[in-house]
Structures are given as C-alpha cells and as structure tokens.
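Have a look at the structure below before the remarks.
Side chains included, hydrogens not; waters and symmetry mates left out as well; all remaining heavy atoms used. Since the model is a prediction, treat every value here as computed from it, not as a measurement.
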Amino acid sequence: MKRFLIISVLSIAVAFTACKNDQSSSVTKFSVRMTDAPGVYQSIMLNVKEIQVLTSEGTTTMPVGDEPFDILDFRLGKDTLLASEDISAGQLQEVRLVLHDTGNAVIIDDVSYPLTTPSAHTSGLKLKLNADLTAGTGYTLLLDFDAAKSIVKTGNSKYILKPVIRAIPQSVSGALKGMVTPAASNPDVYAIIGTDTIGTIADTTGNFYFHGLKQGSYKVNFVPKSPYKPKSIENVLISNGLVKDLGTIVIE
C-alpha cells in the first residue's frame, strides 16, 4: 500500500522560481528539490517513490526512483533534485510525496532502525499550495526537511517518521549562514523577524544555515548548552536571492 510522507507546513509561500524557457503554450516545467536542517543522527534514509502534483488541470505523477538517499547529505545550502517534469499549466493546489513501504530508516551509532509512519496517517497530510502555474515558465519548489523535529522515538525503542517540512520559493527569499565556535556549545539558532521565528541547530562543526528567509531585518539568537552563555545579534539584513554570511560567532 502506498504511504504518504506526512508534512507539517511551517511556512508556505505561493510564489515560485520563474525563468523563461521554450515550453509549449499549455505546459510548465515543475521541479521539486529537497534540502535538510541538521539533526543529531548519523543518517536518515528516505525512499521516495513519486511526487504527485495536483493542479486545476488534473494530477501529474512524477517518478523519483527506487534507491533510498541520505537526507543528511543535503545540509548547509546543499539540495538534491527529486523530480522535474513538464506538467499542465493551471492553478497549483497540492503536492504529495509518496514513500516506498521499505527503505526508510534512521541510523544511530551504526545501527539502522526502520522508520514507520503512523497507521492513522497512511493517506498522509498533504502540502496545500495556491499558485498560478503560467505556461512557458519554470517553477522550482524547495522542501526543507527538519531532521531534528521529524524523527520521534517511541517507548519501545522504535522510530516514527513525522516529517516537518517548509515549502520554500527559491529565488524570492534569502538565506543566512555562519559558524559558531566552540562547536561543543551546540546551540539552537533562531532567526526572528516580527512575530515569526525559524529555528535550526549548528552541526558538529559549528556551521548553521537557514533557507527561505523573507527579506527584512532579523534578530538572531544563539541558545547553547550549559555552561555556555546565550548570545544575540541584532539587525541582520536578509535580501532576496542572496546568502548573508555572519562569519564566525564566538560563544562564551
């Protein structure tokens, strides 16, 4: 039985990367890419079977493949192309990711544990979108997988996959990166603008990266492990299409 990847949408934007191409008058090129925020696991293997794109003109199924991939390979600004295909232009309504029943696993200390999806959600939570797909224009949707929040350990030492994913329009948002030292401070990092907060964690080398930040001035908070002290940086300016580099942040 097909199993849908559960999606908790933290942020959905309705604008997509647009570029001119030579498509016909009735289709558009639609691409889906995936990236990851760091998590405290050795590997997270996802075995995505297909992507279903629902528009006002019908449903298009985009095959992905039969080989699992480690989502943790695509961190700190890296991403991987899941699928790209010509689809009918029209109103984009929903995107679904369909998993294979096997091949999904989390690896901890060289031990592989199967990842299961709760039976109550085998039909999945769908990624609802609302955007016009204009004929002759290419669109790219980046799915930002939050590894730290997506794996749930049960009381019987089993692991459940409850992915938290943000949908990001690539060229109509900015990014933020930097490195904390010492890396052993292992801080949670929060980018705050108005009432919106987006979080990530620094990886084992101290690097952090935020995708999909809307343009504006941010406060960046660092909340490290004890005995290290929290730190804040004000007025961090994010611009569309650019990556803001904070450089090295010293945690005392």
Any donor-acceptor pair under 3.5 Å linking the side chain of Asn47 with the backbone of Thr102? yes
Is a side-chain N or O of Thr181 found less than 3.5 angstrom from the main chain of Ala183, in a donor-acceptor match? no
Here the pair of heavy atoms bringing Ile238 nearest to Ala175 is CD1-O, 3.8 Å
Indicate yes or no: at least one non-hydrogen side-chain atom of Tyr209 is less than 4.5 angstrom from one of Thr200. no
Members sharing Ile107's hydrophobic cluster (side chains within less than 4.5 Å): Met45
To the closest 0.5 Å, what do you measure between CD (Glu57) and CD (Gln93)? 9.5 Å
Shortest non-hydrogen contact from Ser232 to Lys219? OG-CE, 3.7 Å
Would you sort out whether Leu141 and Val95 count as a side chain to side chain contact (heavy atoms under 4.5 Å, CB included), showing the intermediate values? CA-CA 10 Å; Leu141 180 66; Val95 174; 4.2 Å; yes
Ring-plane angle category for Tyr159 and Tyr113, please: parallel below 30°, perpendicular beyond 60°, tilted otherwise. tilted
Thr35 side chain to Asp144 side chain, donor-acceptor N/O pair below 3.5 angstrom: no
Would you mind reporting whether Arg33 and Phe74 have side-chain heavy atoms less than 4.5 Å apart? no
How would you list all residue pairs meeting salt bridge (charged side-chain N to carboxylate O under 4.0 Å, His left out) that involve residues 102-117, not counting sequence neighbours? none
Beyond-backbone contact of Thr140 with Phe30, side-chain heavy atoms, under 4.5 angstrom: no
Grouping ILVMFWY residues whenever side-chain heavy atoms fall under 4.5 Å, the cluster of Leu54 otherwise contains none
Between Val236 and Leu176, is there a side-chain heavy-atom distance shorter than 4.5 Å? yes
Residue set satisfying side-chain hydrogen bond (donor to acceptor under 3.5 Å, both in side chains) with Asn186, at least two apart, ordered chain then number -> none
If I take atom CG from residue Leu115 and atom CD1 from residue Ile44, how far apart are they, to the nearest 0.5 angstrom? 7.0 Å
Where is the tightest heavy-atom contact between Ile51 and Ala83, given as atom of each residue plus distance? CD1-CB, 4.0 Å
Name all residues meeting the side-chain hydrogen bond (donor to acceptor under 3.5 Å, both in side chains) criterion together with Ser112; count only those two or more places apart in sequence or in a different chain, and write none if there are none. none
Below 3.5 Å, can you tabulate the donor-acceptor pairs from side chains in residues 242-252 to any protein atom, sequence neighbours excluded?
| unit_1 | atom_1 | unit_2 | atom_2 | d |
| --- | --- | --- | --- | --- |
| Asp245 | OD1 | Gly247 | N | 2.8 |

Mind checking the CG-CG spacing from Leu97 to Leu82? Nearest 0.5 Å is all I need. 6.5 Å
Minimum-distance pair of heavy atoms, taken over all atoms of Leu81 and Ser31: CD1-CB, 4.2 Å
Can Leu142 and Asp79 be said to form a side chain to side chain contact (heavy atoms under 4.5 Å, CB included), step by step? CA-CA 8 Å; Leu142 181 67; Asp79 61 54; 3.9 Å; yes
Supply the atom-to-atom distance Asp146 CG to Ile151 CD1, rounded to the nearest 0.5 angstrom. 10.0 Å
What closest approach, in Å, do Phe145 and Ser150 show between heavy atoms, and which atom pair accounts for it? CZ-CB, 3.6 Å
Test item: Met34 and Ile71 side chains (from C-beta on) under 4.5 Å apart, heavy atoms: yes
Ser88: which residues meet the side-chain hydrogen bond (donor to acceptor under 3.5 Å, both in side chains) condition with it, sequence neighbours left out? none
With clusters defined by side-chain heavy atoms of hydrophobic residues (ILVMFWY) lying less than 4.5 Å apart, directly or transitively, does Ile233 cluster with Met179? no
The criterion is ring pair (Phe, Tyr, Trp, His ring centres under 6.0 Å); which residues satisfy it with Tyr228, sequence neighbours excluded? none
Is there a side-chain contact between Leu161 and Thr116, using heavy atoms and a 4.5 Å cut-off? no
When you measure from the side chain of Ser56 to the backbone of Gln91, do you find a donor-acceptor pair of N or O atoms at a distance under 3.5 Å? yes
Considering only residues two or more places apart or on different chains, which pairs with a residue in residues 174-196 satisfy salt bridge (charged side-chain N to carboxylate O under 4.0 Å, His left out)? Asp196-Lys214
Given a cutoff of under 4.5 Å between side-chain heavy atoms of I, L, V, M, F, W and Y, with clusters grown through shared members, what are the other residues clustered with Val223? Tyr190, Ile192
Once rounded to the nearest 0.5 Å, what's the spacing between atom CG of Asp70 and atom OG of Ser43? 4.0 Å
Test side chain to side chain contact (heavy atoms under 4.5 Å, CB included) on Thr60 and Thr55; report intermediate values, then the result. CA-CA 8 Å; Thr60 300; Thr55 74; over 6 Å; no
I'd like to check the salt bridge (charged side-chain N to carboxylate O under 4.0 Å, His left out) partners of Glu94; sequence neighbours left out, ordered by chain and number. Arg96, Lys128
Thr154: partners by side-chain hydrogen bond (donor to acceptor under 3.5 Å, both in side chains), with sequence neighbours left out: Asn156
Nearest heavy-atom pair of Ala184 and Lys225: which atoms, and what distance? O-CE, 3.6 Å
